[in-house]
Each structure stands twice: as C-alpha cells, then as structure tokens.
Amino acid sequence: MRKYAKDYEIGTERDKKGREKKVSVYVGKFFDVSLNEVELKRFRRISMLLLGLIFLAQIAGGFVSNLGMYAFFVALPYVGTFLPIYFLAMSVFRIPRNKWNYRREEVELSFKRIKTHSMVLLILASLGLIGEVVFLIWFANGSHGREWIYLGLEVLLVALSVIWVYIQRDIKIIPIADEAVRVVEEVDEEGGEG
C-alpha cells in the first residue's frame, strides 16, 4: 500500500551464491500492544467468535422477510452494516498470532481498524434497531410476528457490537523508541540473544 511506502527502503542482500538481490527493509516505527501472549490469543479467539456471530445475526436478519425491510430507515442501516462487517473480517484475520514488536501497518490494519469499525458497526446497528422500533410503533399496522424476530436479531447485533467495543477498552498501542529497537536488532545480527 502506498500509505506505508515511506516505512520501507530498498536494500541489497547477498544470497549463498554471492548474487545480489533487492529486498525491502523496514525503517518505520515499531509498536507494542498492551496484551501479553495469552491475552493476544484470547482476543483473537473472541474476535473471531464475535465476527462469526455478528455475521450470522446479520444474514439471518435478511432472511426474516419482514415488512420493516421495505422502509428505508430500516433497510439502509441493515445494508450499511455489511461494510464495517467486511472491514472487521479483514482486520480479525490480520490479528497477529504471536507477540513481537509490530510494524505500523500490522497495528493499523488489525487493532486500530477493529477499534474503528466495531464502533461504526455499533452505530449502524443501533440506527437499524431504532428504525425497527419506529416501524413497530407507527407503521406495523398489526403485523408484528416477523417484526419481533427481526427486532430480536437487531438487539443481538447491537449487544455483540457493544461487547466487541467493550473488550477493546484496555488495549493500548504504544510506540517503541527507535533506539531500543535498533539495539535489539544489532544484538540479533551479532548472534547474541535479543
């Protein structure tokens, strides 16, 4: 991505046969996430579970075939929630499996994107819930059977979104000083521990 092009430089490296090849070298900032190894794996598992449940609730809402879906104030938020779900899916699968010093794109395309799009999902799901309640109160005209099923799915979607926003409240992304990272890299290159 062009956004992260300034974080890399082109360098040369010799292979075993003495030939030079061009390689990209990361020169940008490194970041630490305030999760230890166990918490990181737990956050990844919970995020995958929440994503699956949110996706199922969203798809099930489309199959209810309720009259509220013919109202723009119910249908637009329903359709709009697919975009943050898509970005959340892309982000969840990018959550690192192990703890290390993360590059900028690793942090921004996983943790920061999850934080942003889970909030967007919560807002759109809440608008869809409010739209369905408005439809039930003023426009349902006595046909409430399928509307209650859809309302239940919307409540579930909002609840799952709230949980996802809530579990991220303590995750902090901390920039690491460049000097400390360079010292660790130099020790690694010399064959020491680090």
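- Judged by distance alone, the side chain of S34 and the main-chain N or O of D170 form a donor-acceptor pair under 3.5 Å.
- Residues meeting the side-chain hydrogen bond (donor to acceptor under 3.5 Å, both in side chains) test with T81, sequence neighbours left out: Q58.
- Looking only at side-chain heavy atoms (C-beta outward), L136 and W148 come within less than 4.5 Å of each other.
- Inter-residue side-chain proximity for Y150 and M69 is flagged as met; some heavy-atom pair is nearer than 4.5 Å.
- In this view, W100 and E106 satisfy the side-chain hydrogen bond (donor to acceptor under 3.5 Å, both in side chains) rule, not counting sequence neighbours.
- Counting heavy-atom neighbours within 6.0 Å of F31 CZ, excluding the residue itself, gives a total above 12.
- In the displayed structure, E37 atom CD is contacted under 6.0 Å by more than 12 heavy atoms of other residues, nucleotides or ligands.
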*Kindly indicate, with the supporting measurements, whether the criterion salt bridge (charged side-chain N to carboxylate O under 4.0 Å, His left out) is fulfilled by K3 and E108.*
CA-CA 11 Å; K3 180 178 180 181; E108 288 182 2; 3.4 Å; yes
*Decide side-chain contact (heavy atoms from CB on, under 4.5 Å) for S118 and Q168; before the verdict, give the C-alpha distance in whole Å, the side-chain angles of both, and the deciding distance to 0.1 Å.*
CA-CA 10 Å; S118 61; Q168 297 177 68; 3.0 Å; yes
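- Within the 3.5 Å criterion, the main-chain N or O of Y166 finds a donor-acceptor partner in the side chain of R169.
- Within the 3.5 Å criterion, the main-chain N or O of E105 finds no donor-acceptor partner in the side chain of Y102.
- No side-chain heavy atom of V23 sits under 4.5 Å from any side-chain heavy atom of T12.
- Two residues are said to be in side-chain contact when any heavy atoms from C-beta on lie closer than 4.5 Å; E13 and E20 fail this criterion.
- Formation of a donor-acceptor pair under 3.5 Å by the E147 side chain with backbone atoms of L67 is found in this model.
- No side-chain heavy atom of V33 sits under 4.5 Å from any side-chain heavy atom of L40.
- Using a 4.5 Å heavy-atom threshold, the side chains of I54 and W164 count as touching.
- Note: F43 and F111 have parallel aromatic rings, judged against thresholds of 30 and 60 degrees for the angle between ring planes.
- Surrounding CZ of R146 are at most 12 heavy atoms belonging to other residues, nucleotides or ligands under 6.0 Å away.
- By the 4.5 Å heavy-atom criterion applied to side chains, D7 and R103 are not counted as neighbours.
- Here the NZ-CG distance, from K99 to N36, works out to 7.5 Å after rounding to the nearest 0.5 Å.
- In this view, S91 satisfies the side-chain hydrogen bond (donor to acceptor under 3.5 Å, both in side chains) rule with no residue, not counting sequence neighbours.
- Between L127 and F73, the closest side-chain pair of non-hydrogen atoms is not below 4.5 Å.
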